[in-house]
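Working notes, beginning with the structure itself.
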Amino acid sequence: MQGQTIKTLSFFPGCSLASAHTEHGSSLRALSRYLNIELAELVDWNCCGSSSAHSINRRLADRLAGRNLSLAPPGRPLLVACPNCYLRLKEAQKKLAGDSSARENYERDWCRPFDYELKIVHLFEILEDLLKRNLGSDKKHKLQGLKFAPYYGCMQNRPPALYAERKFTGILEGVLSNLGANPISWSGSRTCCGTFLSVTRPDAVTKIVNNMMDEARQVNADCIVTACAMCHLNLEIRATVKNPMPVLYISELISLAFGQKHHGPWFARHIVDPRPMLNSHGLL
Amino acid sequence: MPEQGSAAVSKRQINLSGASGGFAAEVSRRAKTSVGLCWHCLVCAAACPFLAPMGYPPVGVLRLVQLGQEKAVLESASIWGCVGCHSCSDACPNSIDVAAIMDVLREMAMERGVKNPAGDILSFHQEVVSSIAKYGRTHKLSIMMKYKLGNRDFFSDAAMGTKMLLKGKLDLFPSRVSDTAALKRLFEAENGKEDSCKGKP
């Protein structure tokens with residue numbers, strides 16, 4: 001981009017992006033560069049406390065989230081890449097802000113005052129910025145002809161305490177349409193991927209995932225697009241249909257549209273190889 | 001309102017305030033939501049993507065809690081099959097935090113040491129939490145290995161596991177937190193003491 005100032009955000013990658021899903025993390029970093037955003041990884045972050053910790057030990061889950069909040073340097077928004085980590089951190093922040101004894105414990109545990117001003121930024125806010133600034137409108141031809149099934153899974157659901165939080169409805173469709181791709185309407189868009197049931201009740205997840213794959217096929221999508229590493233994994237490993245549909249990260253597709261050439265291992269790391277599809281659209 | 005157990009209660013009425021006893025109240029208090037608000041519109045049952053592993057749909061769990069069926073609900077697979085996706089509470093017209101209720105019910109089931117029909121799900125969560133205790137982050141490969149060994153399940157998913165390893169989806173070595181004192185504190189039963197912060201920024 002042309003000589004704009006660079007904005008630095010603290011960055012919480014979460015366990016998935018830091019390990020198994022480096023293609024998401026690395027494409028997200030590529031995307032941030034186009035937006036003149038520098039990502040400063042939260043130093044020594046820990047698990048956000050979602051899923052398992054939250055399922056069996058709420059106190060631990062709150063403290064895990066709390067420590068992460070305490071690590072964020074003041075005056076700098078905290079970008080959370082994973083939608084589930086986002087909810088956990090946001091919920092913990094809200095709890096701490098509204099409960100003086102929880103705040104006292106937090107301050108004693110982490111030896112830092114609670115930061116009421118810390119702005120926790122959803123990955124979708126970055127995408128919104130991309131839309132607002134109309135970045136990529138000169139790249140409309142890039143994704144021309146690509147039909148995608150937008151997949152949000154559970155990420156637009158909110159517990160009652162967070163009802164007032166924004167849902168970013170239509171953000172995947174908006175951003176990719178702006179780059180020339182065609183969103184397809186389908187019934188799987190908001191079906192939960194099953195998270196840990198993929199390990200403990202694989203049959204139940206396979207059933208759901210296969211339905212989604214069939215549906216996406218029926219509406220003639222070329223791929224399913226997600227922003228969540230957990231969804232990505234479950235869709236890929238639990239599909240047993242004959243021709244599973246490639247599942248792409250929103251960050252990968254945007255980076256491709258912006259002409260990112262150094263995608264190295266991103267696509268080779270997918271279990272359902274998206275390269276034949278991407279090649280047929282001239283994207284690689 | 002007729003008093004609990006009063007003869008004024010018609011035989012056709014179900015007196016929920018009496019039936020629920022302390023159980024529903026305890027669940028509501030701990031989950032910071034009101035179980036009594038459920039009017040059984042079944043929206044949550046329609047929204048839930050995982051009725052099969054759950055058994056009772058969310059509305060069924062709420063009903064059992066309202067009726068004080070402590071044993072039935074704490075020993076049900078439903079509370080373990082729920083993944084907390086919030087599909088139900090997002091659809092609930094009365095804004096009941098169903099996932100928070102499930103959290104509390106699991107907590108109570110563990111406290112009371114009742115029979116767990118989904119012990120493998122609990123042991124999976126325990127493996128994840130012990131990975132967090134060790135590294136501060138989750139290490140998928142060791143979690144999966146321990147979970148499979150614990151369940152004496154050596155073969156299902158072996159092909160998938162190999163594929164994931166080859167694709168780099170299962171890191172051999174864990175990524176970890178370096179502040180081990182902080183990591184220890186996360187798991188302590190007590191919160192820190194003020195004087196432990198002296199001399200720290």
Side-chain angles (χ1 to χ4, degrees), chain A residues 14-16 18-22 44-47 49-58 60 63-64 67 87 104-112 153-154 156-161 163 190-197 199-205 207-208 233 236-237 265 268-271, chain B residues 33 49-50 52-53 81 83-87 89-90 92 95-97 99-100 103-104 106-107 110 118 120-122 124-129 132 136-140 144 147 156-157 160 163-164 167-171 174-175 177-179 182-183 185-187 191-194 196-197 200-201:
Chain A
C15 301
S16 296
S19 59
H21 302 269
T22 48
D44 211 35
W45 57 272
N46 52 258
C47 162
S50 82
S51 199
S52 286
H54 186 248
S55 288
I56 60 168
N57 190 339
R58 290 187 298 157
L60 172 65
R63 288 175 97 180
L64 285 165
R67 176 168 179 268
L87 275 190
E104 259 170 49
N105 286 334
Y106 166 99
E107 290 176 356
R108 264 188 248 143
D109 277 337
W110 313 122
C111 306
R112 284 182 192 87
C154 73
Q156 291 182 320
N157 298 340
R158 301 276 179 268
Y163 273 175
R190 292 190 57 183
T191 307
C192 165
C193 74
T195 76
F196 63 80
L197 290 177
V199 179
T200 52
R201 296 291 179 272
D203 294 349
V205 174
K207 197 172 155 198
I208 281 218
L233 184 69
E236 282 206 323
I237 65 170
R269 291 173 58 93
H270 287 230
I271 287 172
Chain B
T33 189
F50 290 105
V83 301
C85 71
H86 300 294
S87 298
S89 11
D90 206 62
C92 176
S95 306
I96 300 171
D97 194 341
D103 288 346
V104 165
R106 278 189 298 271
E107 215 167 77
M110 287 184 289
D120 59 322
I121 294 184
L122 173 58
F124 173 76
H125 291 322
Q126 284 165 337
E127 290 306 343
V128 175
V129 170
I132 299 172
R137 301 176 186 169
T138 57
H139 181 231
K140 277 205 189 86
M144 290 304 296
Y147 169 75
S156 77
D157 281 341
M160 179 51 65
K163 206 172 194 179
M164 285 177 70
K167 290 279 185 184
K169 299 269 172 196
L170 289 172
D171 285 2
S175 142
V177 164
S178 56
D179 185 348
L183 186 53
R185 196 163 335 123
L186 281 167
F187 283 81
N191 288 89
K193 293 196 176 65
E194 230 150 339
S196 65
C197 288
K200 294 201 179 163

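Lettering follows sequence order; numbering is per chain, from 1.
- Every residue meeting the salt bridge (Lys or Arg N to Asp or Glu O under 4.0 Å) condition with R58(A), not counting sequence neighbours, appears here in chain and number order: E107(B).
- The side-chain heavy atoms of V199(A) and E127(B), taken from C-beta on, include no pair separated by under 4.5 Å.
- Of the residues considered (E107(A), R67(A), E104(A)), R67(A) shows the highest number of contacts with chain B, using heavy-atom pairs under 4.5 Å.
- At a 4.5 Å heavy-atom cutoff, A99(B) makes no contact with chain A through either its backbone or its side chain.
- A heavy-atom distance below 4.5 Å is found between the side chains of I56(A) and L122(B).
- The distance from the CG atom of D120(B) to the OG1 atom of T200(A) is 6.0 Å, given to the nearest 0.5 Å.
- Heavy atoms of I132(B) lying under 4.5 Å from chain A belong exclusively to its side chain.
- Side-chain atoms of D109(A) and L186(B), non-hydrogen and from C-beta on, never get closer than 4.5 Å to each other.
- Residues K140(B) and L233(A) are in side-chain contact: their nearest non-hydrogen atoms beyond the backbone lie under 4.5 Å apart.
- Contacts of H54(A) classified as side chain to side chain contact (heavy atoms under 4.5 Å, CB included), with partners at least two apart in sequence or in another chain: A61(A), R88(A), D103(B).
- Sulfur atoms SG of C192(A) and C85(B) are positioned 2.5 Å or more apart.
- If you take CZ on R137(B) and CH2 on W45(A), they are separated by 4.0 Å, rounding to the nearest 0.5 Å.
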